[in-house]
Amino acid sequence: MNPNTLITLIAITCASVAASSLNAATMPAGTTLNVSTASSISSQDPVGRTFAAKLDQDVAAKGTVLLKAGTKAFGKIKSSRANPRKSEPITLELTSISVNGRNVAVKTNTFQPGSSPRTGRQAQFGHTAGTLVITPGTKMQFQLVQAVTL
């Protein structure tokens, strides 16, 4: 390969990288992500279990739609009642969003779905009664705690 061809190839590569970074969009911290679940989730599921969801509404920043409603999102169970020694209410968080065929990591606040009923004795000791089941199509709202570049 002659030196001029190599220099041209490097210049084209650099220009492509610069152009793609100019097209990158950023969702600022605090952006709301409204999702609906795609599968059932139970308060008895183990911590770390993943779940699928989809965006319920378009996500926009500065008047530009960054993510369309229906975009796939993924999350995990942050706390649950699966461990009988450490009974906590179920909390969920989003961990990634599918953008142009790749999963982009996100950090969100946690979401605690409706609480289960409590008995008087369980309330005294901070335990909940029953199992909470989140059915497919349940709507949840998360906020980004860190900005995300798409």
side-chain contact (heavy atoms from CB on, under 4.5 Å) between Lys76 and Arg49, intermediate numbers included: CA-CA 5 Å; Lys76 70 177 181 178; Arg49 178 184 168 258; over 6 Å; no
Worked verdict on Leu67 versus Val99 for side-chain contact (heavy atoms from CB on, under 4.5 Å): CA-CA 8 Å; Leu67 298 169; Val99 180; 3.8 Å; yes
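Across all non-hydrogen atoms, the minimal contact from Thr135 to Ser40 is CA-OG, 4.3 Å. The two residues Ser43 and Ser80 come nearest to each other via the heavy atoms O-CB, 3.4 Å. Between Leu94 and Thr108, the closest heavy-atom pair is N-OG1, 3.1 Å. Taking all atoms of both residues into account, the shortest heavy-atom contact from Lys139 to Phe111 is O-CZ, 4.4 Å. Summarising the geometry of Ser98 relative to Phe74, their closest heavy-atom pair is CB-CE1, 4.4 Å, with the distance given to 0.1 Å. Minimum interatomic distance between Leu33 and Val59 (heavy atoms only, all atoms of both residues): CD2-CG2, 3.7 Å.
Between Val133 and Ile41 there is no side-chain heavy-atom pair separated by less than 4.5 Å. Between Thr50 and Ile77, every side-chain heavy-atom pair lies at or beyond the 4.5 Å cut-off. In this structure, Lys72 and Leu55 have side chains that are not in contact, with every pair of non-hydrogen atoms separated by 4.5 Å or more. Within the 4.5 Å cutoff, the side chain of Arg81 has no heavy atoms near those of the Glu88 side chain. Residues Leu132 and Ser42 fail the side-chain proximity criterion, which asks for heavy atoms closer than 4.5 Å. Two residues are said to be in side-chain contact when any heavy atoms from C-beta on lie closer than 4.5 Å; Gln143 and Thr31 fail this criterion.
Checked by atom type and distance alone, the side chain of Asp58 pairs as donor or acceptor with a backbone atom of Ala69 at under 3.5 Å. For Thr138 (side chain) and Thr37 (main-chain N/O), no donor-acceptor pair under 3.5 Å exists by modelled atom type.
Interatomic distance, CD of Gln141 versus CD of Gln57, reported as 8.0 Å (0.5 Å rounding). If you take CG on Asn100 and CG on Leu150, they are separated by 8.5 Å, rounding to the nearest 0.5 Å. Here the CZ-OG distance, from Arg102 to Ser96, works out to 11.5 Å after rounding to the nearest 0.5 Å. Taking OG1 from Thr26 and NZ from Lys62, the interatomic distance works out to 8.0 Å, rounded to the nearest 0.5 Å. If you take CG on Asn103 and CD1 on Ile97, they are separated by 9.5 Å, rounding to the nearest 0.5 Å.
Val104 and Phe51 end up in the same hydrophobic cluster when Ile, Leu, Val, Met, Phe, Trp and Tyr side chains are linked at under 4.5 Å. Residues Val47 and Met140 are members of separate hydrophobic clusters, defined by side-chain heavy-atom contacts under 4.5 angstrom among Ile, Leu, Val, Met, Phe, Trp and Tyr.
Applying the side-chain contact (heavy atoms from CB on, under 4.5 Å) rule to Val145 yields the partners Lys107, Asn109; only residues at least two apart in sequence or on another chain are considered. A search for side-chain contact (heavy atoms from CB on, under 4.5 Å) contacts involving Thr91 returns Lys78, Ser79, Thr110, Gln112, not counting sequence neighbours. With sequence neighbours left out, Lys54 forms a salt bridge (Lys or Arg N to Asp or Glu O under 4.0 Å) with no residue at all.
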